[in-house]
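Here the structure is laid out as structure tokens; the discussion comes afterwards.
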2 protein chains.
Amino acid sequence: MTDTPATPRRRGAARTEELLRVTLDLAAEVGYAGLSIEAVARRAGVGKHTIYRRWPSMAALLLDALSRVWASDLDYRDTGDVRADLREQFLRSGLALSSPPIGPVYRAVIAEAQADSTLRATLHERFLVTVEQSTLDRITRAQSTGELVAEADLEFAAEVLCGTLYYRSLLSTRPIDESAVDGLLDMFMAAYGTSTRTRST
Amino acid sequence: MTDTPATPRRRGAARTEELLRVTLDLAAEVGYAGLSIEAVARRAGVGKHTIYRRWPSMAALLLDALSRVWASDLDYRDTGDVRADLREQFLRSGLALSSPPIGPVYRAVIAEAQADSTLRATLHERFLVTVEQSTLDRITRAQSTGELVAEADLEFAAEVLCGTLYYRSLLSTRPIDESAVDGLLDMFMAAYGTSTRTRST
DNA sequence: CTCGATCGGCACGATCCGTGCCGATAGGTG
DNA sequence: CACCTATCGGCACGGATCGTGCCGATCGAG
């Protein structure tokens, strides 16, 4: 009652950090299969209560664990060349999404979210929307500098760009390689770029 | 021994059909949560062996169940107006993906696939690639009639189109409504359409 | 009619869930 | 320094599902 609702209690903060780290380690080693609250508790040498006191479900724990490692990969550069900046970020994100620990944890969250619409909303708002917004910011700057046409619906373009990457890395079996990113950017720049438009006829 | 290896045995074929139907009914009623082999067996009044004899896992059963109801929604019309044909099909697919029984079953397959790369490959090859191919066929025809520019990489465009729809219906919480489809098609036609190109400057 | 394959039903050990209770301990309080 | 309270690790429980094994019943082919 006396503490703020967000901050953990006494010596719990260190345990919380450790539990998140153990969760990521476990995900990197055994993948989504074998990721369970019991497994995390065993691995950490911890009673299950210690986990349930912090997170209401495995999904909540996974979301927090994902937050620790995902945000760091989310910063577009701004070199003045929007295509090059998007390309670099997409390749970096694609690699992160397909490598441990982000890949397995992200898959685990996706899987849990299919059975829980509340979690799906949280996932969407806390990660997907954030990524889209970051992309939207970058291409909006490009629009203001004249790299992209003024009448483009960039909000939807950001969703198409990010959605295609997520589709390829989480649902498809194809890798997010250079040809994929280049193909995606070809379409995006053909639609909304202002320079070197290749017109037929 | 006397029958072909693919066709089920004696009176099993009828049971197989019934089990697929029960699975779809169950998915429509209780959603992904509560979809289990035990539940299907209980609902069908069947021993679990009868299910395990036909499918090695819940995921395999779900894939077969999905095949029964998904293929029917997969035929692009060809009215000569590629944008209108894509629009109609995308709206139809979007509705199907978010309604029972296809929605819950698709979600269940997605969830299972996150923990099983073999299943993920099967899902990709049996459904995602099929949908992309169907889309690619339609836009390839449009390219040959001059509705789309000749140098467009349509194979990748088909993935972007389908991927965005899957992203929105399965990962995002936004609906696949008319504005979403129109936004997607705006970008696609802006990139590769040959008529009524709006140029800035 | 005979016989073998499939059937429904039941039970098992295993795993994980979420919860409850225990005694131990660590940390802030006086 | 001693106390006290919240958190700790550990254990156990009932419930659910998994995948498997065994039973006797039943159906269909020969």
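Owing to the predicted nature of the structure, the values given are computational and were not obtained by experimental measurement. Labels below follow one simple rule: chain letters A, B, ... track the order of the sequence lines, proteins then strands, and each chain is numbered from 1.
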Inset, instruction - Please state whether the phosphate of dC8(D), meaning OP1 or OP2, lies under 4.0 angstrom from any side-chain nitrogen or oxygen of R54(A). - result: yes
Legend entry - Whole-Å gap separating P (dC16(C)) and CG (L26(A)): 11 Å
Legend entry - Geometric class of the Y167(A)/Y166(B) ring pair [parallel <30°, tilted 30-60°, perpendicular >60°]: parallel
Inset, instruction - Write down the distance between CD1 (I37(B)) and P (dT20(D)), rounded to a whole number of angstrom. - result: 10 Å
Legend entry - Rounded interatomic separation in angstrom, taking NZ from K48(A) and C1' from dG20(C): 11 Å
Inset, instruction - Could you check which of dG20(C), dG9(D), dC16(C) has an atom nearest any side-chain atom of T50(A)? - result: dG9(D)
Inset, instruction - May I have the distance from I51(B) (atom CD1) to dT6(C) (atom P), rounded to whole angstrom? - result: 16 Å
Legend entry - Side chains of F188(B) and L148(B) in contact at under 4.5 Å (non-hydrogen atoms): yes
Inset, instruction - Verify the neighbour count for atom CD of E18(A): are there more than 12 heavy atoms of other residues, nucleotides or ligands below 6.0 Å? - result: yes
Legend entry - Gap between atoms CH2 and C1', on W55(B) and dT20(D) respectively (whole Å): 19 Å
Inset, instruction - Would you indicate which nucleotide in dT17(D), dC21(C), dA11(C) comes nearest to any side-chain atom of H49(A)? - result: dC21(C)
Inset, instruction - Please check the phosphate of dG9(C) (OP1 and OP2 only) for any side-chain N or O of R42(B) closer than 4.0 Å. - result: no
Legend entry - Given DNA chain D, 5'-ward residue of the pair V46(A) and E38(A), judged by closest heavy atom: V46(A)
Legend entry - E112(A) CD - dC16(C) P separation (whole Å): 13 Å
Inset, instruction - Side chain of R53(A) only, please: which of dG19(D), dC16(C), dT7(D) is the nearest? - result: dT7(D)
Legend entry - Atom pair OG/CD1 of S57(A) and I37(A) - distance to nearest 0.5 Å: 7.0 Å
Legend entry - Between dC16(C) (P) and Y52(A) (OH): distance, integer Å: 11 Å
